[in-house]
Number of protein chains: 2
Amino acid sequence: MASTAALLEAISSPRRREILRLVWSRERTAGEIREAMPDVTFGAVSQQLKVLAEAGLVVVRSESRSRIYKANQEAFGELGRMLERMWEDKLWDLKLAAELEQTRRGPRPVPKKTGKG
Amino acid sequence: MASTAALLEAISSPRRREILRLVWSRERTAGEIREAMPDVTFGAVSQQLKVLAEAGLVVVRSESRSRIYKANQEAFGELGRMLERMWEDKLWDLKLAAELEQTRRGPRPVPKKTGKG
DNA sequence: AATATAGTTTAGTTACAACTAAAGTATAAG
DNA sequence: CTTATACTTTAGTTGTAACTAAACTATATT
(Lines give C-alpha, C1' and ligand atoms only; values in the text may rest on other atoms or scores of the structure.)
Protein backbone atom coordinates (compact mmCIF):
# COMPACT_ATOMS: atom_id res chain seq x y z
CA MET A 1 0.00 0.00 0.00
CA ALA A 2 1.16 3.52 -0.81
CA SER A 3 2.00 5.84 2.07
CA THR A 4 -1.12 7.51 3.40
CA ALA A 5 0.31 10.92 2.64
CA ALA A 6 1.07 10.05 -0.98
CA LEU A 7 -2.41 8.64 -1.27
CA LEU A 8 -4.06 11.75 0.16
CA GLU A 9 -2.07 13.94 -2.19
CA ALA A 10 -3.02 11.87 -5.23
CA ILE A 11 -6.74 11.83 -4.52
CA SER A 12 -6.93 15.49 -3.59
CA SER A 13 -7.32 16.40 -7.26
CA PRO A 14 -10.86 16.21 -8.65
CA ARG A 15 -9.46 15.40 -12.07
CA ARG A 16 -7.53 12.43 -10.74
CA ARG A 17 -10.55 11.25 -8.79
CA GLU A 18 -12.56 11.41 -12.00
CA ILE A 19 -9.98 9.22 -13.72
CA LEU A 20 -9.89 6.82 -10.80
CA ARG A 21 -13.61 6.36 -10.91
CA LEU A 22 -13.45 5.47 -14.60
CA VAL A 23 -10.78 2.82 -14.12
CA TRP A 24 -11.93 1.68 -10.70
CA SER A 25 -13.89 -1.43 -11.59
CA ARG A 26 -12.77 -2.09 -15.13
CA GLU A 27 -9.92 -1.44 -17.51
CA ARG A 28 -10.02 1.46 -19.91
CA THR A 29 -7.69 2.70 -22.60
CA ALA A 30 -6.20 6.16 -22.36
CA GLY A 31 -8.41 7.13 -25.29
CA GLU A 32 -11.59 6.00 -23.53
CA ILE A 33 -10.62 7.97 -20.47
CA ARG A 34 -9.94 11.02 -22.55
CA GLU A 35 -13.34 10.68 -24.29
CA ALA A 36 -15.00 10.86 -20.91
CA MET A 37 -13.42 14.26 -20.26
CA PRO A 38 -13.69 16.31 -23.42
CA ASP A 39 -12.88 19.54 -21.61
CA VAL A 40 -9.16 18.71 -21.55
CA THR A 41 -6.56 17.60 -24.06
CA PHE A 42 -5.18 14.12 -24.38
CA GLY A 43 -1.89 15.40 -23.02
CA ALA A 44 -3.51 16.58 -19.81
CA VAL A 45 -5.11 13.19 -19.27
CA SER A 46 -1.90 11.38 -20.03
CA GLN A 47 -0.04 13.48 -17.49
CA GLN A 48 -2.52 12.74 -14.73
CA LEU A 49 -2.42 9.06 -15.59
CA LYS A 50 1.31 9.23 -15.17
CA VAL A 51 0.95 10.82 -11.73
CA LEU A 52 -1.44 8.08 -10.67
CA ALA A 53 0.78 5.36 -12.10
CA GLU A 54 3.86 6.70 -10.36
CA ALA A 55 1.96 6.76 -7.07
CA GLY A 56 1.12 3.11 -7.68
CA LEU A 57 -2.59 3.84 -7.76
CA VAL A 58 -3.18 2.59 -11.29
CA VAL A 59 -1.51 -0.10 -13.34
CA VAL A 60 -0.92 0.05 -17.07
CA ARG A 61 -0.30 -2.42 -19.80
CA SER A 62 0.18 -2.05 -23.51
CA GLU A 63 -1.86 -3.89 -26.08
CA SER A 64 -1.31 -3.09 -29.70
CA ARG A 65 -1.34 0.68 -29.94
CA SER A 66 -3.42 1.11 -26.83
CA ARG A 67 -2.38 1.75 -23.26
CA ILE A 68 -4.79 0.12 -20.87
CA TYR A 69 -5.28 1.46 -17.35
CA LYS A 70 -6.87 0.00 -14.26
CA ALA A 71 -7.05 1.17 -10.68
CA ASN A 72 -4.89 -0.74 -8.25
CA GLN A 73 -7.66 -1.00 -5.68
CA GLU A 74 -5.47 -2.69 -3.11
CA ALA A 75 -3.26 0.38 -2.90
CA PHE A 76 -6.16 2.42 -1.49
CA GLY A 77 -6.88 0.48 1.63
CA GLU A 78 -9.96 1.79 3.36
CA LEU A 79 -9.95 4.95 1.33
CA GLY A 80 -11.15 2.80 -1.53
CA ARG A 81 -14.43 2.16 0.21
CA MET A 82 -14.76 5.85 0.97
CA LEU A 83 -14.35 6.72 -2.66
CA GLU A 84 -16.84 4.06 -3.71
CA ARG A 85 -19.41 5.52 -1.38
CA MET A 86 -18.71 8.98 -2.75
CA TRP A 87 -19.26 7.75 -6.29
CA GLU A 88 -22.54 6.11 -5.35
CA ASP A 89 -23.85 9.52 -4.41
CA LYS A 90 -26.48 10.50 -6.96
CA LEU A 91 -25.24 14.06 -6.99
CA TRP A 92 -21.66 13.03 -7.63
CA ASP A 93 -21.57 14.24 -11.23
CA LEU A 94 -22.81 17.68 -10.34
CA LYS A 95 -20.44 18.05 -7.44
CA LEU A 96 -17.49 16.95 -9.52
CA ALA A 97 -18.33 19.34 -12.32
CA ALA A 98 -18.39 22.21 -9.85
CA GLU A 99 -15.04 21.19 -8.43
CA LEU A 100 -13.42 20.83 -11.82
CA GLU A 101 -14.62 24.28 -12.75
CA GLN A 102 -13.26 25.71 -9.52
CA THR A 103 -9.85 24.11 -9.54
CA ARG A 104 -9.10 24.58 -13.19
CA ARG A 105 -5.63 25.83 -14.16
CA GLY A 106 -3.94 26.96 -17.32
CA PRO A 107 -5.49 28.35 -20.49
CA ARG A 108 -8.83 27.08 -21.71
CA PRO A 109 -8.77 24.73 -24.67
CA VAL A 110 -9.44 26.43 -27.98
CA PRO A 111 -12.91 25.27 -29.03
CA LYS A 112 -12.77 23.04 -32.10
CA LYS A 113 -14.60 24.35 -35.11
CA THR A 114 -17.56 22.12 -35.93
CA GLY A 115 -17.99 22.37 -39.66
CA LYS A 116 -19.28 25.78 -40.79
CA GLY A 117 -16.03 26.41 -42.78
CA MET B 1 -20.14 15.64 8.12
CA ALA B 2 -18.38 17.73 5.48
CA SER B 3 -18.60 16.62 1.87
CA THR B 4 -16.00 14.01 1.10
CA ALA B 5 -14.49 16.18 -1.58
CA ALA B 6 -14.12 19.18 0.73
CA LEU B 7 -12.59 16.91 3.31
CA LEU B 8 -10.08 15.43 0.87
CA GLU B 9 -9.08 18.89 -0.25
CA ALA B 10 -8.57 20.13 3.30
CA ILE B 11 -6.42 17.23 4.40
CA SER B 12 -4.32 17.16 1.24
CA SER B 13 -2.04 19.81 2.72
CA PRO B 14 0.74 18.52 4.98
CA ARG B 15 0.66 21.78 6.91
CA ARG B 16 -3.04 21.41 7.67
CA ARG B 17 -2.56 17.79 8.64
CA GLU B 18 0.15 18.88 11.04
CA ILE B 19 -2.26 21.35 12.62
CA LEU B 20 -5.02 18.77 12.77
CA ARG B 21 -2.80 16.35 14.60
CA LEU B 22 -2.00 18.98 17.20
CA VAL B 23 -5.62 19.80 17.89
CA TRP B 24 -6.97 16.30 17.30
CA SER B 25 -7.27 15.05 20.84
CA ARG B 26 -7.03 18.23 22.85
CA GLU B 27 -7.53 21.96 22.60
CA ARG B 28 -4.65 24.26 21.79
CA THR B 29 -4.33 28.00 21.44
CA ALA B 30 -3.21 29.52 18.16
CA GLY B 31 0.03 30.42 19.88
CA GLU B 32 0.70 26.85 20.99
CA ILE B 33 0.08 25.64 17.48
CA ARG B 34 2.42 28.23 16.11
CA GLU B 35 5.13 27.26 18.58
CA ALA B 36 4.98 23.73 17.24
CA MET B 37 5.85 24.97 13.76
CA PRO B 38 8.61 27.54 14.08
CA ASP B 39 9.38 27.39 10.36
CA VAL B 40 6.39 29.60 9.54
CA THR B 41 4.97 32.90 10.72
CA PHE B 42 1.98 33.32 12.96
CA GLY B 43 0.07 34.71 10.00
CA ALA B 44 0.61 31.54 7.99
CA VAL B 45 -0.70 29.40 10.83
CA SER B 46 -3.68 31.67 11.36
CA GLN B 47 -4.57 31.44 7.69
CA GLN B 48 -4.52 27.65 7.68
CA LEU B 49 -6.58 27.59 10.86
CA LYS B 50 -9.11 29.72 9.06
CA VAL B 51 -9.24 27.29 6.14
CA LEU B 52 -9.84 24.40 8.51
CA ALA B 53 -12.45 26.32 10.46
CA GLU B 54 -14.34 27.31 7.32
CA ALA B 55 -14.36 23.69 6.22
CA GLY B 56 -15.88 22.83 9.58
CA LEU B 57 -12.93 20.64 10.51
CA VAL B 58 -11.93 22.59 13.59
CA VAL B 59 -13.89 24.62 16.09
CA VAL B 60 -12.70 27.78 17.80
CA ARG B 61 -13.57 29.67 20.91
CA SER B 62 -12.16 32.77 22.49
CA GLU B 63 -10.90 32.96 26.02
CA SER B 64 -9.29 36.11 27.24
CA ARG B 65 -6.80 37.10 24.56
CA SER B 66 -6.44 33.55 23.30
CA ARG B 67 -8.18 31.74 20.50
CA ILE B 68 -8.57 28.08 21.31
CA TYR B 69 -8.82 25.45 18.58
CA LYS B 70 -9.93 21.84 18.59
CA ALA B 71 -10.51 19.35 15.80
CA ASN B 72 -14.13 18.57 15.09
CA GLN B 73 -13.50 14.83 14.92
CA GLU B 74 -17.04 13.99 13.94
CA ALA B 75 -16.64 15.90 10.69
CA PHE B 76 -14.00 13.44 9.52
CA GLY B 77 -16.02 10.25 9.54
CA GLU B 78 -13.84 7.25 8.82
CA LEU B 79 -11.03 9.42 7.55
CA GLY B 80 -10.46 10.31 11.17
CA ARG B 81 -9.42 6.78 11.96
CA MET B 82 -7.14 6.76 8.93
CA LEU B 83 -5.40 9.89 10.11
CA GLU B 84 -5.03 8.50 13.62
CA ARG B 85 -3.33 5.42 12.25
CA MET B 86 -1.05 7.59 10.16
CA TRP B 87 -0.04 9.58 13.23
CA GLU B 88 0.71 6.43 15.18
CA ASP B 89 3.35 5.58 12.60
CA LYS B 90 6.74 5.94 14.27
CA LEU B 91 8.20 7.49 11.14
CA TRP B 92 5.45 10.06 10.89
CA ASP B 93 7.59 13.02 11.93
CA LEU B 94 10.23 12.30 9.34
CA LYS B 95 7.72 11.79 6.59
CA LEU B 96 5.91 15.00 7.44
CA ALA B 97 9.11 17.02 7.50
CA ALA B 98 9.97 15.78 4.03
CA GLU B 99 6.53 16.71 2.74
CA LEU B 100 6.59 20.16 4.27
CA GLU B 101 9.93 20.81 2.63
CA GLN B 102 8.61 19.62 -0.70
CA THR B 103 5.34 21.52 -0.79
CA ARG B 104 6.62 24.78 0.59
CA ARG B 105 5.54 28.01 -1.17
CA GLY B 106 6.39 31.65 -0.87
CA PRO B 107 9.61 33.26 0.32
CA ARG B 108 11.55 31.68 3.14
CA PRO B 109 11.30 33.36 6.53
CA VAL B 110 14.16 35.71 7.24
CA PRO B 111 16.23 34.01 9.95
CA LYS B 112 16.12 35.94 13.19
CA LYS B 113 19.45 37.28 14.32
CA THR B 114 20.62 35.54 17.47
CA GLY B 115 22.77 38.05 19.25
CA LYS B 116 26.15 38.62 17.57
CA GLY B 117 25.22 42.30 16.81
C1' DA C 1 -4.49 56.50 28.18
C1' DA C 2 -0.45 53.92 27.05
C1' DT C 3 1.70 49.54 26.48
C1' DA C 4 1.84 44.56 26.03
C1' DT C 5 0.08 40.31 24.49
C1' DA C 6 -2.40 37.28 21.34
C1' DG C 7 -4.03 36.74 17.39
C1' DT C 8 -6.24 38.04 12.50
C1' DT C 9 -6.24 40.28 8.16
C1' DT C 10 -4.34 42.44 4.05
C1' DA C 11 -1.14 43.24 0.33
C1' DG C 12 2.35 41.37 -2.11
C1' DT C 13 5.62 37.31 -3.53
C1' DT C 14 6.86 32.78 -5.09
C1' DA C 15 6.66 28.00 -6.44
C1' DC C 16 4.16 24.81 -8.63
C1' DA C 17 0.04 21.96 -10.33
C1' DA C 18 -2.80 21.83 -14.16
C1' DC C 19 -3.28 22.90 -18.15
C1' DT C 20 -2.26 23.78 -23.94
C1' DA C 21 0.11 23.12 -28.21
C1' DA C 22 3.20 20.80 -30.57
C1' DA C 23 6.79 17.56 -31.12
C1' DG C 24 8.05 12.85 -30.28
C1' DT C 25 7.41 7.59 -29.85
C1' DA C 26 5.34 3.12 -30.86
C1' DT C 27 2.64 0.01 -33.37
C1' DA C 28 -0.12 -1.22 -37.33
C1' DA C 29 -1.43 -1.26 -42.06
C1' DG C 30 -1.08 -0.15 -46.92
C1' DC D 1 8.90 3.62 -46.59
C1' DT D 2 4.74 6.33 -45.83
C1' DT D 3 0.61 7.28 -43.50
C1' DA D 4 -2.62 6.60 -39.61
C1' DT D 5 -3.70 5.78 -34.99
C1' DA D 6 -2.86 5.99 -30.17
C1' DC D 7 -0.79 7.65 -27.26
C1' DT D 8 3.46 10.26 -24.26
C1' DT D 9 6.60 13.89 -23.56
C1' DT D 10 8.33 18.58 -23.71
C1' DA D 11 8.16 23.52 -23.52
C1' DG D 12 5.63 27.18 -22.25
C1' DT D 13 1.41 29.53 -19.78
C1' DT D 14 -1.73 30.56 -16.11
C1' DG D 15 -4.14 30.49 -11.70
C1' DT D 16 -3.67 30.00 -7.16
C1' DA D 17 -2.10 27.96 -2.55
C1' DA D 18 1.19 28.89 0.76
C1' DC D 19 3.77 31.78 2.33
C1' DT D 20 6.03 36.85 4.45
C1' DA D 21 5.76 41.42 6.37
C1' DA D 22 3.22 44.64 8.20
C1' DA D 23 -1.01 46.67 9.51
C1' DC D 24 -4.84 45.85 12.18
C1' DT D 25 -8.19 44.19 16.17
C1' DA D 26 -9.16 42.71 20.74
C1' DT D 27 -8.27 42.00 25.42
C1' DA D 28 -5.52 42.63 29.52
C1' DT D 29 -2.31 45.25 32.41
C1' DT D 30 -0.12 49.39 34.28
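Every chain is numbered from 1 and lettered A, B, ... according to where its sequence line falls, protein lines coming before strand lines.
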[X] near the nucleic acid: base, sugar-phosphate alone, or nothing, with a heavy-atom cut-off under 4.0 Å?
{"X": "A/Thr29", "value": "sugar-phosphate"}
{"X": "A/Ser64", "value": "sugar-phosphate"}
{"X": "A/Gly31", "value": "sugar-phosphate"}

Smallest separation among heavy atoms of A/Leu57 and A/Leu7, with atom names: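 Closest pair (atom of A/Leu57, atom of A/Leu7, distance): CD2-CD1, 3.2 Å.
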Minimal non-hydrogen separation, B/Arg34 against B/Thr41, with atom names: NH2-CA, 4.0 Å
Closest-nucleotide mapping onto DNA chain C: is A/Glu63 or B/Val60 further toward the 5' terminus? I mean the 5' end. B/Val60
Mapping B/Ala30 and B/Gln47 to their closest nucleotides on DNA chain C, which lands nearer the 5' end?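 Upstream on the strand: B/Ala30.
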Take atom [atom1] of [X] and atom [atom2] of [N], then tell me their distance rounded to the nearest Å.
{"X": "B/Ile33", "N": "C/dA6", "atom1": "CD1", "atom2": "P", "result": "14 Å"}
{"X": "A/Arg15", "N": "C/dC19", "atom1": "CZ", "atom2": "P", "result": "5 Å"}
{"X": "A/Leu52", "N": "D/dT8", "atom1": "CG", "atom2": "P", "result": "12 Å"}
{"X": "A/Arg65", "N": "C/dT25", "atom1": "CZ", "atom2": "P", "result": "18 Å"}
{"X": "B/Glu54", "N": "C/dT8", "atom1": "CD", "atom2": "P", "result": "12 Å"}
{"X": "B/Arg61", "N": "D/dT27", "atom1": "CZ", "atom2": "P", "result": "15 Å"}
{"X": "B/Glu18", "N": "D/dC19", "atom1": "CD", "atom2": "C1'", "result": "14 Å"}
{"X": "A/Arg16", "N": "C/dA17", "atom1": "CZ", "atom2": "C1'", "result": "8 Å"}

Below 4.0 Å: OP1/OP2 of [N] and any side-chain N or O of [X]:
{"X": "A/Gln48", "N": "C/dC19", "result": "yes"}
{"X": "B/Thr41", "N": "D/dT20", "result": "yes"}
{"X": "A/Tyr69", "N": "D/dA6", "result": "no"}
{"X": "A/Arg67", "N": "D/dA6", "result": "no"}

Where the side chain of A/Ser66 is concerned, which of D/dC7, C/dA18, C/dT9 is the nearest nucleotide? D/dC7
If you only use heavy atoms from C-beta on, which nucleotide in D/dA18, D/dC7, D/dT9 is closest to the side chain of B/Ser13?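 Among D/dA18, D/dC7, D/dT9, the one nearest the side chain of B/Ser13 is D/dA18.
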Distance, nearest 0.5 Å, that separates CG of B/Asn72 from CG of B/Leu20: 10.5 Å
What distance separates A/Trp87 CH2 from A/Met82 CE, expressed to the nearest 0.5 Å?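 Separation between the atoms: 10.5 Å.
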Check the pair B/Glu63, B/Thr29 against side chain to side chain contact (heavy atoms under 4.5 Å, CB included), reporting the backbone distance first and the verdict last. CA-CA 9 Å; B/Glu63 195 176 298; B/Thr29 65; over 6 Å; no
